[in-house]
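Scope of the values below: all heavy atoms of this structure, side chains included, with no hydrogens, waters or symmetry mates. One-based numbering, in listed order, for ligands and for the atoms of each.
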Amino acid sequence: MDIKKSVVLGICAVAVVGIGYAVYWDYLRQTDPEFRRKLKKTRKKAAKAKKAAAEESKVRAADFLRKAVEQVGNENFPTDVTAKEKYFMEQVAKGENLFAKGESDYLDAALCFYKALKVYPNPVELIMIYQKTIPEAVFNLVYEMMSIEVKKKQAEYFENFPPKEMNVKVEEVSQRSTSDDHVRRALISTKDFAPGDVIFVEQAIASALDPSLEGNEFCSYCLKELNGSEFHDESDLFGAIYCSESCREKAMTEYETLLFTTRDDSRSSKEARLMESVKSGKVKYPLMIARFLAKMVHEETQKVATGIEEEYSTWDHIERLRFLAVNPSDKESKEIKLMRDLFETKVPGMEEFISEERYLMLKGKLLYNAYGIHTEHNLGTIRENLEETVRSSQPTVIGAGFYRVASYLAHSCSPNTEVRFPDKNNVLSIVATKPIRTGDELNVSYIRVGDRDYSNRRNELETKWRFKCTCTKCLEETGEIDTIA
Ligand SMILES: *[C@@H]1O[C@H](CO)[C@@H](O)[C@H](O)[C@H]1NC(C)=O
Ligand SMILES: *[C@@H]1O[C@H](CO)[C@@H](O)[C@H](O)[C@H]1NC(C)=O
């Protein structure tokens with residue numbers, strides 16, 4: 001099968017099986033009455049269908065499948081190529097024999113095919129082959145086992161991520177406020193820290209310079225200020241420059257080659273149009289989304305080519321993050337069209353993945369979670385772009401970065417940590433500013449606090465992140481809590 005096709009399939013599978021939509025639905029359920037009505041209807045329908053299915057005494061099979069997935073999960077599979085091949089052939093042959101025996105052996109047959117998948121270098125491709133070659137009843141069982149496995153992996157996400165060495169975990173805490181009680185995810189310290197200690201260091205999933213700085217003074221990949229030497233790529237239409245050969249290479253392999261190199265360098269090419277829109281619109285989020293999507297393609301291509309799969313994909317990481325609801329406007333429609341047109345020429349099929357809903361969700365995630373990357377360099381000319389919100393307590397921001405873990409930090413006007421970029425690039429450090437004990441929630445300020453009063457701060461927070469700050473500092477200032485108490 002064509003590599004690109006299976007890449008797209010992989011991406012769609014990840015996104016559909018994953019819980020991104022669950023989060024989106026959750027959000028709609030809370031806000032949109034029309035959606036709630038529709039949901040009720042579909043629920044009723046689903047309940048009916050479910051009842052019918054249950055009648056077929058699927059309970060026993062479901063139990064078998066769940067246990068089988070558990071067992072296979074603990075099994076050690078061969079690792080070298082010849083042993084893998086041998087194992088694969090054995091399982092497939094066994095599976096074929098079993099299904100030939102008849103329906104009573106279907107479950108065992110499915111188990112063999114499922115185990116064969118575990119050692120096959122390109123599982124997505126194998127599933128397509130299975131679909132054509134094994135009886136539907138058996139195929140459905142194999143498919144069921146795969147969904148059980150994916151769901152299990154997704155359910156265990158916060159047990160495995162963030163990794164222990166980052167000294168933090170994500171936990172659900174209930175938020176009590178006057179207007180509503182709800183559960184939110186919080187970042188909790190798993191160690192004690194003193195002020196000045198680095199709690200964790202994190203690489204960006206995607207980052208971008210302010211478009212006015214692209215092509216001069218700063219590295220397009222790591223956002224570091226250039227020191228005289230600069231690297232670029234002739235074939236790159238975007239005209240990005242880099243601080244080192246290694247940054248150039250990473251940018252080219254992760255996204256730039258896919259996005260901005262082409263034989264067609266006319267002004268009307270899809271690449272040129274996206275680039276024009278980013279530069280003239282003075283916005284960086286569409287570019288970050290394009291880079292992010294290209295990175296997903298790169299990730300899937302790597303997976304298909306090498307057979308090595310990260311435990312969780314980039315999509316798995318970002319789909320759990322909160323996002324702001326973005327109402328589609330002409331501007332977004334244009335961005336979506338540009339993005340779909342561009343990707344359609346690069347990875348056919350990808351344009352369907354970039355639905356309006358998904359694009360807006362990605363944009364909403366950037367608006368809610370991205371951090372401003374700051375510099376000590378004096379750049380008098382950079383104005384704050386109000387449409388593109390970034391979390392930052394610093395005056396001079398040169399670009400934005402999107403991070404897997406730091407995104408979970410809640411806001412406080414008197415926080416116990418701060419964001420730093422000690423290497424003067426997009427690698428973020430979270431540093432303690434107060435004594436922190438194991439089990440404490442960590443928070444950071446999304447805005448510049450200085451000597452601004454609570455109403456001024458709340459205004460900015462409400463405009464940009466749509467919440468009313470009830471941190472201790474705000475409550476002290478409003479007199480809602482007693483400082484002495
Ligand atoms: C300039 O920066 C690059 C990459 O950041 C580094 O490898 C190089 O040593 C630096 N050169 C000078 C002269 O500081
Ligand atoms: C910030 O963290 C501190 C220490 O864990 C906690 O007491 C405080 O309630 C948090 N503030 C917010 C607004 O979450």
With a 4.0 Å cut-off, would you call [X] and [Y] a salt bridge?
X	Y	value
Lys284	Glu388	yes
Arg420	Glu418	yes
Glu299	Lys295	no

If the condition is salt bridge (Lys or Arg N to Asp or Glu O under 4.0 Å), which residues does Lys279 pass it with, not counting sequence neighbours?
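Partners of Lys279 under the salt bridge (Lys or Arg N to Asp or Glu O under 4.0 Å) test: none.
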
Tell me, please, which residues at least two apart from Glu149 pass side chain to side chain contact (heavy atoms under 4.5 Å, CB included).
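Checked Glu149 against side chain to side chain contact (heavy atoms under 4.5 Å, CB included); matches are Val69, Tyr114, Lys118.
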
With Asp451 via side chain to side chain contact (heavy atoms under 4.5 Å, CB included) - residues at least two apart:
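With neighbours one apart ignored, the set is empty.
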
Can you produce the list of protein nitrogen or oxygen atoms under 3.5 Å from a nitrogen or oxygen of ligand 2, alongside each distance?
residue, atom, partner, partner atom, Å
ligand 2, 2 (O), Glu441, O, 3.2
ligand 2, 2 (O), Asn443, OD1, 3.4
ligand 2, 2 (O), Asn443, ND2, 2.4
ligand 2, 5 (O), Glu441, N, 3.1
ligand 2, 5 (O), Glu441, O, 2.7
ligand 2, 11 (N), Asn443, ND2, 2.8
ligand 2, 14 (O), Asn443, ND2, 3.4

